[in-house]
S.K.: 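First the structure, which I've put down as C-alpha cells, then a few questions once you've had a look.
Position 1 is the first residue of the sequence, and the numbers go up from there.
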Amino acid sequence: QVQLVESGGGLVQAGGSLRLSCAASGRIFSINVMGWYRQAPGKQRELVADITSGGSTNYADSVKGRFNISRDSAKKTVYLQMNSLKPEDTAVYYCNADIRSRPWVPSYDYWGQGTQVTVSS
C-alpha cells in the first residue's frame, strides 16, 4: 500500500521561506511525476509545481521565480522550496505522485493528506 507523507508546513511571515517535503513509501516499483497542489478556502485546487522522472519542471505562473521543486529518487521524496512567501500563498498543500506499484501494470495517481501553509502579513 502506497502512502505519501508531507512535512514542513506551518506558519510563516510574509517574505519568509518554508520547505515542504513529501516521502513516498509502501509498494513502489517506480515513480513518474511528483508534484504539489494547493487549495485555498473557496477556491479550486491548483497545480503549484511538478517534476518528472527526467527532471523536467513545471510551475504555476504565480510562483515562478519564488518556488523551486526538486526530487531525490533514492529517497522517493519530492521537495518544494518556497521563498518570498506572500499571504496569497496561504493554502492546504497536497503532495501528488504518479506511481507504478509493481512491474507491468499501469501507474496510479496518489495523494498526500495535505499540510497547512499559512503566511501572515
S.K.: Quick check: closest heavy atoms across Lys64 and Asp61, and the distance to 0.1 Å?
M.R.: NZ-OD1, 3.1 Å
S.K.: Between Lys86 and Asp89, does any NZ, NE, NH1 or NH2 come within less than 4.0 Å of an OD or OE carboxylate oxygen?
M.R.: no
S.K.: Would you compute the distance between atom CG of Leu47 and atom CZ of Arg45 and round it to the nearest 0.5 angstrom?
M.R.: 10.0 Å
S.K.: If every non-hydrogen atom of Gly9 is compared with every non-hydrogen atom of Thr115, which pair is closest and at what distance?
M.R.: CA-OG1, 3.6 Å
S.K.: Return yes if some donor-acceptor pair links the side-chain N/O of Tyr59 with the main-chain N/O of Ile69 below 3.5 Å, else return no.
M.R.: yes
S.K.: Is the side chain of Glu6 donor-acceptor paired with the backbone N or O of Gly114 at a distance under 3.5 Å, no angle test?
M.R.: yes
S.K.: Just verifying a value: how many Å separate Ile99 CD1 and Met34 CE, rounded to the nearest 0.5 Å?
M.R.: 6.0 Å
S.K.: Is a side-chain donor or acceptor of Ser107 paired with a backbone partner of Asp98 at a separation under 3.5 angstrom?
M.R.: no
S.K.: Count the heavy atoms of every other residue, nucleotide or ligand shown that sit under 6.0 Å from CD of Gln3, and state whether that count exceeds 12.
M.R.: no
S.K.: Side-chain heavy atoms under 4.5 angstrom apart, residues restricted to Ile, Leu, Val, Met, Phe, Trp, Tyr: same cluster for Tyr94 and Val5?
M.R.: no
S.K.: How long is the straight-line distance from CD of Gln116 back to OG1 of Thr90, given to the nearest 0.5 Å?
M.R.: 7.0 Å
S.K.: Mind checking whether Tyr37 and Met82 sit in one hydrophobic cluster, side chains of I, L, V, M, F, W, Y counted as touching below 4.5 Å?
M.R.: no
S.K.: In terms of hydrophobic clustering (I, L, V, M, F, W, Y; side-chain heavy atoms under 4.5 Å; direct or indirect links), are Val119 and Val48 co-clustered?
M.R.: yes
S.K.: Would you check if Tyr79 and Asp72 make a side-chain contact, meaning some heavy-atom pair closer than 4.5 Å?
M.R.: yes
S.K.: Can you tell me how far the CD atom of Gln44 sits from the CZ atom of Arg38, to the nearest 0.5 Å?
M.R.: 14.0 Å
S.K.: Looking only at non-hydrogen atoms, find the nearest pair between Ala14 and Pro87 and report the distance.
M.R.: CB-CD, 4.2 Å
S.K.: With rounding to the nearest 0.5 Å, note down the distance linking OH in Tyr110 to CD1 in Ile31.
M.R.: 10.5 Å
S.K.: To the nearest 0.5 angstrom, please state how far the CZ atom of Arg102 sits from the OG atom of Ser30.
M.R.: 12.5 Å
S.K.: With a 3.5 Å cut-off and no angle check, do the side chains of Asp50 and Asn96 form a donor-acceptor pair?
M.R.: no
S.K.: Looking at Leu20, Leu80, Leu11, which one forms a side-chain contact (heavy atoms from CB on, under 4.5 Å) with Val117?
M.R.: Leu20
S.K.: So, is the end of the Arg100 side chain (NZ or CZ) under 6.0 Å from the ring centre of Phe29 and within 45° of the ring's axis?
M.R.: no
S.K.: What closest approach, in Å, do Ser17 and Asn83 show between heavy atoms, and which atom pair accounts for it?
M.R.: OG-OD1, 2.9 Å
S.K.: Do any N or O atoms from the side chain of Ser56 and from the backbone of Gly54 form a donor-acceptor pair under 3.5 angstrom?
M.R.: no
S.K.: For Tyr93 and Phe67, take the angle between the two ring planes, folded into 0 to 90°, and tell me which bin it lands in: parallel under 30, tilted 30 to 60, perpendicular over 60.
M.R.: tilted
S.K.: Tell me whether Arg71 forms a cation-pi arrangement with Trp36, defined as NZ or CZ under 6.0 Å from the six-membered ring centre and within 45 degrees of its axis.
M.R.: no
S.K.: Can you find a heavy atom in the side chain of Val78 that is under 4.5 Å from one in the side chain of Ile51?
M.R.: yes
